[in-house]
Asks: 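One structure is given below, represented as structure tokens, and several questions about it will come after.
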Amino acid sequence: MDCALRWGWVPRIVAAMREDTRRWIEKDKRHCWHPFTRQGEWCAEGHEPLVITGGDGVWLMDSEGRRYFDGNSSIWTNVHGHGRREIGEAVREQLERVSHVSFLGQTHPAAIELAGRLCGFFPRGTLDRVFFSDNGSTAVECALKMSLQYRQQTGEGERCGFVSFANGYHGDTLGAASLGGVGRFFDRFRGAGYPVRFVRDLLELRGLGREESGGVSAVVVEPLVQGVNGMRLWPAGMLAELRAWCDAEGVHLILDEVMTGFGRTGTMFACEREGVVPDFLCLAKGLTGGTLPLAATLTREGIYEAFLGGAERAFYYGHSYTAHPAGCAAALASLDLFEGGRLLERVVERAGQMAEGLVRIAGHGLVREVRQCGLIAGIELCGPGGEAFPPESRVGERFCFGARRHGLLTRPILDTVVLMPPLCVSGEELDFSLDAVWKTLEEGILEG
Ligand SMILES: *Cc1c(COP(=O)(O)O)cnc(C)c1O
């Protein structure tokens with residue numbers, strides 16, 4: 001092709017992309033309502049949200065041809081990178097065979113296979129049952145309801161409350177939200193959900209009297225690291241000690257591994273790190289490699305058995321898309337990629353590299369603290385004198401906006417910047433993202 005002709009096209013392509021983008025944004029502002037979003041600001045004249053139209057590995061492409069490192073793993077879901085061929089093919093094949101099977105009354109091979117594979121991660125005789133649902137919140141809802149109904153059916157009806165940790169996050173549906181300890185999200189709905197006793201830590205938990213612990217059905221916790229709480233790590237050994245407390249008190253342990261599951265912390269599941277098997281394990285985000293909505297609640301055979309017998313003992317819970325075949329096919333393909341590729345070993349290597357890169361960042365004058373667990377990092381910003389910023393200055397948001405210019409796309413939690421790449425990230429790509437954080441810090445984006 002004639003070079004002059006080709007170059008003559010470029011401005012026209014750019015103009016067309018610009019025009020498409022403008023139209024999409026205009027329509028979005030007219031009809032869409034975004035999660036956790038101040039819609040007034042979103043719809044304001046000058047606000048131009050990114051319209052993402054493509055993805056490839058750790059990269060996302062916007063509607064105007066710009067490329068960004070996905071430093072947030074698409075809200076903590078993505079495992080193998082965007083556009084992974086193996087997952088796409090598995091989903092397409094499944095959709096061609098059958099695109100929906102009601103798990104209420106029927107069953108299908110992909111779900112059967114997946115349930116077996118999930119249980120296979122745990123010692124036989126521990127987590128042997130899988131209940132599918134659609135997202136992290138529903139995975140938690142199921143665990144809560146199962147725990148309560150189990151109590152009712154085993155003569156322990158007095159155990160009708162839950163214990164949850166301050167600043168924890170377990171999803172947004174009403175039941176799951178009532179276990180949430182993040183005041184700015186949940187306080188307005190307090191009183192509408194389950195009875196919950198919040199504790200800060202194990203010390204406070206151990207301080208509960210027999211009378212109070214005797215009314216507890218289950219404790220819910222995010223193992224190793226509280227995600228929405230700015231990636232705050234629990235002290236080493238906490239999980240094993242919590243398991244011991246639950247055993248001593250006859251309380252169920254519900255592990256919310258919605259974020260930590262599927263390799264993010266360096267082991268397949270965070271609970272492996274402390275040799276803990278919970279009574280309920282909640283999985284979602286990374287279950288399908290971060291491609292389709294699917295969730296699973298795993299539990300023990302002993303708990304399941306309390307639901308056998310008369311009709312009134314059944315677990316009356318489910319969703320129209322429970323165990324969706326395409327989601328199950330994606331999950332199976334994702335698990336194959338874990339097995340085929342030494343992925344977890346590479347995560348541990350990359351996490352080591354990340355730790356080295358974070359040392360420099362932690363030393364920056366505008367960084368108060370850096371927290372890391374596997375390939376999950378939280379970089380907490382502060383003023384030059386180490387002071388916290390007033391919330392209304394929204395420094396975390398401004399930082400992430402500035403980082404875009406360096407090709408990094410991520411989201412903050414208040415003033416903590418999350419760096420949580422897809423697990424497939426290469427050494428070079430990881431350095432790119434750490435560099436982008438550094439450059440943004442150096443720009444002094446935080447002043448003014
Ligand atoms: C994201 C998340 C949830 C909620 O999952 P959704 O799929 O968004 O409903 C629950 N618990 C934890 C720890 C999470 O990170």
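We count ligands from 1, going down the list as the structure has it; atoms in each ligand are counted the same way.
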Asks: For the pair F69 and F432, name the ring-plane relationship: parallel under 30°, tilted 30 to 60°, perpendicular over 60°.
Replies: tilted
Asks: How far is atom 9 (O) of ligand 1 from its nearest protein heavy atom, and which residue and atom name does that atom have?
Replies: S137 OG, 2.6 Å
Asks: I'd like to check V79 versus F338 (side-chain heavy atoms, cut-off strictly below 4.5 Å). Are they in contact?
Replies: yes
Asks: What atoms of ligand 1 come within less than 4.0 Å of a heavy atom belonging to N135?
Replies: 7 (O), 9 (O)
Asks: Report the relative orientation of the aromatic rings in Y317 and H319; use parallel for angles under 30°, tilted for 30 to 60°, perpendicular for over 60°.
Replies: perpendicular
Asks: Looking just at side-chain N and O atoms, do E257 and T260 make a donor-acceptor pair shorter than 3.5 Å?
Replies: yes
Asks: Just jot down the ligand 1 atoms closer than 4.0 angstrom to any heavy atom of M259, in number order.
Replies: 15 (O)
Asks: Would a line drawn from the ring center of F131 to the ring center of Y304 be shorter than 6.0 Å?
Replies: no
Asks: Scan side-chain atoms only and decide if T154 and E156 contain a donor-acceptor pair under the 3.5 Å cut-off.
Replies: yes
Asks: Is there any N or O on V140 that sits under 3.5 Å from an N or O of ligand 1?
Replies: no
Asks: Would you kindly specify which portion of H170 sits under 4.0 Å from ligand 1, judged on non-hydrogen atoms: side chain, backbone, both or neither?
Replies: backbone
Asks: Could an N or O of ligand 1 be found under 3.5 Å from any N or O of W76, whether backbone or side chain?
Replies: no
Asks: For ligand 1, is there an N or O atom under 3.5 Å from any N or O atom of K285?
Replies: yes
Asks: Would you mind running through ligand 1 and noting each atom that sits below 4.0 Å from a heavy atom of G171?
Replies: 4 (C), 10 (C)
Asks: Between Q149 (side chain only) and R313 (backbone N and O only), is there a donor and an acceptor less than 3.5 Å apart?
Replies: yes
Asks: Should you measure from each heavy atom of D256, which atoms of ligand 1 turn up under 4.0 Å away?
Replies: 10 (C), 11 (N), 12 (C), 13 (C)
Asks: Counting each atom of ligand 1 from 1 as listed, which ones have a heavy atom of G136 under 4.0 Å away?
Replies: 4 (C), 5 (O), 6 (P), 7 (O), 9 (O)
